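Down below is the structure, laid out as structure tokens.
Bear in mind that the values here come from a model prediction, so they are computed numbers and not experimental data. Naming: A, B, ... by sequence-line order, numbering from 1 per chain.
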Amino acid sequence: MENNEVAAIFHEMAAILEIKGENPFRVRAFKRVAQAIETLPERASTMAAAGTLARVPGIGKGSQDRITEILTSGDCADHVELRASIPAGLLELARVEGLGPRTIALVYNELGVTSLDELEAAARGGQIATLPRMGEKSQAKLLTAVEAYRRQAGRVRIGDALPQGLALLEALGQHAAVQRIDLAGSSRRRRDTIGDLDLLVASDDAAAVMDCFVSRPAVADVMLRGETRCSVHLRGGLQADLRVVPAASFGAALHYFTGSKMHNIAIRDRAKRKGLRINEYGVFDEASGQQLGGATEEQIFAAVGLPFIPPELRENQGEIEAAAAGELPRLVSEQDLRGELHLHTDATDGKATLREMVAAAVALGHEYIAVTDHSRALTVTQGLDERRLREQVAMIRALEDELGSIRILAGIEVDIHADGTLDLDHDALRELDWVIASVHSHFNLPAQEQTRRLLAAVESGVVDCLGHPSGRILGHREGYPVDLDRVIRRAGELGLALELNGYPDRLDLDAQHCRQARDQGIPVAINTDAHATRQLAQRQYGVYTARRGWLEPRDVLNARPLAELQAWLAQRRHS
DNA sequence: ACGGATTGCCGTATCGGCCAAATGGCCGA
């Protein structure tokens, strides 16, 4: 079991306790345990076996037992009991923005609301506004939030879905009857959210493969099972579909089920013009009906005169034309990244010390990193003021001298106030090597004001990079209303970089805006925004999004060697 | 529930904005 899965159970226990109005300190303790598990330096099972869990701050005797129970049986009694104690639908309500535990308890107790549908009905019926502490405005806001929630409901972040898909791939790949196996669908295209997992297998013994599939411990229930196709729910609720095809059709099926639909249509259209027919079974000569290929995807592309197109590009957004012209981008990969330009330490909301984070970066082989803790406005994180920032800078310089093995840029993630001013003195910011400016408040300004706010930060003259520019949180809230195109253009004019925050909850910039940045020659920094040592290694999600945005190594700021990065910074500072 | 000093008990993120009610709870970062 992955740490995130264990943590999810604690998060849920905390949420239920909170809705039930239990001791808030108990609630916080559970939340703290959940967070601690998410940011453990190793796998929970490893640490439990070694007995080192006890040393983690926040994890006491009780939670140690619960964690052990979860690791051995997949769940714990307290969790099962808590779940049974409230209607199942209430938990989903907690995912609606602006709807907290107290309000959920209120609508449940006063109106008997136990689900999203009932909540919406109550709001449309005007009953919400009659409740104490609620009114017309709250009711309208709630409806808007429910609509926003519904737009993304059922989709799972790639950071949650892909590990499950890869684990299944790994397990099924061991089976003797499996000749070839791969992911298909949106998980193979590495979209930022996934509806369900698609797995494709080449085999002559579909029944044996499906037996293996449905008996995986990760499979919670089997929804349907036919001759060649099987659908299941996984433990976390994600749906997974397995298809089994003969090896001679594997490439054709892989192409077909990978999509996207628009890409497939365009490819088939191209085939038609060449007198060919492409479907999920293979490539066929239209006239003779003879099969010309289908075992590999390369054959599919070759049949229409194209080189292999990476799955991340298959959206019919020009990749076919580029492939035909021999102008496919050489997409950036994880190995191209030479440094990390956004991370936090325990000076603010990080879980590891400066020294530990740096050691982890060295272990990853980074040439350079930037330490970018929060600024004072973010009070929850104990954001740095000018004085604490200067102290941290001194620590960084000393550590860099001591180690000698890695360049440590002294930086900050400075908050952008609602009026566009920055949270720290410009003089203090000018002393730093690297300044990211980000929005963490006032997401609901009118688009015009929000745009002005971001432009002000971009034009401040002391900012090197705009952090998570859209502000979206996947599965939680959409980006704030803003003219991002205009902000990006201005950033380009002034020579700033833009961040692609690769934290799996963000993936911000999204692929489309990455491509815009690339087209305008704006360097993109692919960052992890790590708050713990292990998160420094989670670079793949940012890279996926970058690839979907057509980024090549030369478009990526932290794919540059240190000397080039420093030259870029120096030239920025003097222009 | 956890951690730590008081070893059986006590304290434990912060703070601003929003909205409904006219000061205060709730939410989110």
Side-chain angles (χ1 to χ4, degrees), chain A residues 9-11 13-37 53-67 76 78-79 82 93-110 123 128-145 148-149 344 346-351 373-385 413-419 423 438-445 449 467-468 471-473 475-478 480 501 503 505-506 508 529 531:
Chain A
I9 293 175
F10 279 90
H11 274 302
M13 287 195 284
I16 298 170
L17 289 168
E18 212 171 11
I19 291 171
K20 297 178 71 162
E22 301 260 342
N23 177 358
F25 297 110
R26 200 165 162 237
V27 173
R28 193 184 301 150
F30 273 104
K31 283 186 183 173
R32 195 171 167 214
V33 171
Q35 248 208 343
I37 297 171
L53 269 184
R55 278 190 242 138
V56 179
I59 301 181
K61 182 75 185 69
S63 291
Q64 251 171 270
D65 292 346
R66 287 186 196 93
I67 292 169
C76 70
D78 285 337
H79 177 237
L82 279 171
L93 299 188
R95 314 214 49 182
V96 176
E97 212 192 345
L99 193 53
R102 312 311 298 264
T103 314
I104 293 173
L106 183 71
V107 296
Y108 173 50
N109 293 327
E110 299 300 317
I128 298 288
T130 66
L131 295 171
R133 307 231 141 271
M134 301 299 275
E136 291 295 336
K137 231 169 177 167
S138 305
Q139 182 169 270
K141 260 177 97 170
L142 202 54
L143 272 178
T144 314
Y149 173 80
H344 297 269
D346 64 358
T348 61
D349 60 348
K351 301 298 168 213
D373 267 312
H374 288 291
S375 64
R376 67 178 153 214
L378 215 52
T379 48
V380 251
T381 70
Q382 318 225 54
L384 305 178
D385 57 20
E413 180 183 17
V414 64
D415 258 58
I416 307 172
H417 295 153
D419 64 0
D423 193 34
S438 304
V439 162
H440 294 110
S441 64
H442 299 92
F443 305 115
N444 54 354
L445 297 179
E449 263 178 73
H468 44 73
R472 71 171 178 174
I473 302 286
H476 181 61
R477 69 162 191 250
E478 293 166 358
Y480 30 72
N501 189 302
Y503 208 79
D505 300 32
R506 290 193 182 270
D508 178 13
D529 198 354
H531 285 67

In dot-bracket form, 5' to 3', how is DNA chain B paired? Count Watson-Crick and G-U wobble pairs only if both distances fall under 3.5 Å, and write | where the partner sits on another strand. ((((....)))).((((((....))))))

Please enumerate all residues that pass side chain to side chain donor-acceptor pair (under 3.5 Å) together with [X], with sequence neighbours excluded.
X        : value
A:Glu18  : A:Lys31
A:Ser438 : A:Glu413
A:Asp423 : A:Ser375, A:His417
A:Lys20  : A:Ser85

Considering only atom [atom1], compute the distance from [N] to [M] and round it to an integer number of Å.
N      : M      : atom1 : result
B:dC10 : B:dT6  : P     : 13 Å
B:dG16 : B:dA22 : P     : 23 Å
B:dC15 : B:dC9  : C1'   : 30 Å
B:dT14 : B:dA20 : C1'   : 23 Å
B:dC27 : B:dT23 : P     : 22 Å
B:dA13 : B:dG8  : C1'   : 26 Å

What's [X] touching, base or sugar-phosphate or nothing? Going by heavy atoms closer than 4.0 Å.
X        : result
A:Glu18  : nothing
A:Pro101 : sugar-phosphate
A:Arg133 : base
A:Arg66  : sugar-phosphate
A:Ser441 : nothing
A:Phe25  : base
A:Val439 : nothing

Under 4.0 Å from a heavy atom of chain A: give me the 5'-most and 3'-most nucleotides of DNA chain B that qualify. B:dA1 to B:dA29

The correct set of residues in residues 377-385 of chain A placing a heavy atom under 4.0 Å from DNA chain B is A:Thr379, A:Val380

Considering residues at least two apart in sequence or located in another chain, which fulfil the salt bridge (Lys or Arg N to Asp or Glu O under 4.0 Å) criterion with A:Glu110? none

Going by the rule salt bridge (Lys or Arg N to Asp or Glu O under 4.0 Å), which residues pair with A:Glu478 if we only count those two or more places apart in sequence or in a different chain? A:Arg151

How are the rings of A:His440 and A:His468 set to each other: parallel, tilted or perpendicular (split at 30° and 60°)? perpendicular

On DNA chain B, more 5' by nearest nucleotide between A:Arg32 and A:Gly100 is A:Arg32

5'-most contact on DNA chain B: A:Lys61 or A:Ala94, nearest heavy atom basis? A:Lys61

Side chain to side chain donor-acceptor pair (under 3.5 Å): which pairs involve residues 132-143 of chain A, sequence neighbours left out? none

May I ask you to test the A:His476-A:Glu97 pair for a side-chain heavy-atom distance under 4.5 Å? yes

Acceptor/donor pairs from residues 54-61 of chain A side chains to any protein atom, 3.5 angstrom cut, sequence neighbours excluded:
{"residue": "A:Lys61", "atom": "NZ", "partner": "A:Asp65", "partner atom": "OD1", "Å": "3.0"}
{"residue": "A:Lys61", "atom": "NZ", "partner": "A:Asp65", "partner atom": "OD2", "Å": "3.0"}

A:His344: ring pair (Phe, Tyr, Trp, His ring centres under 6.0 Å) partners, not counting sequence neighbours: A:His342, A:His374, A:His531

Under a 3.5 Å cutoff, is there a donor and acceptor pairing between the side chains of A:Thr348 and A:Asp373? yes

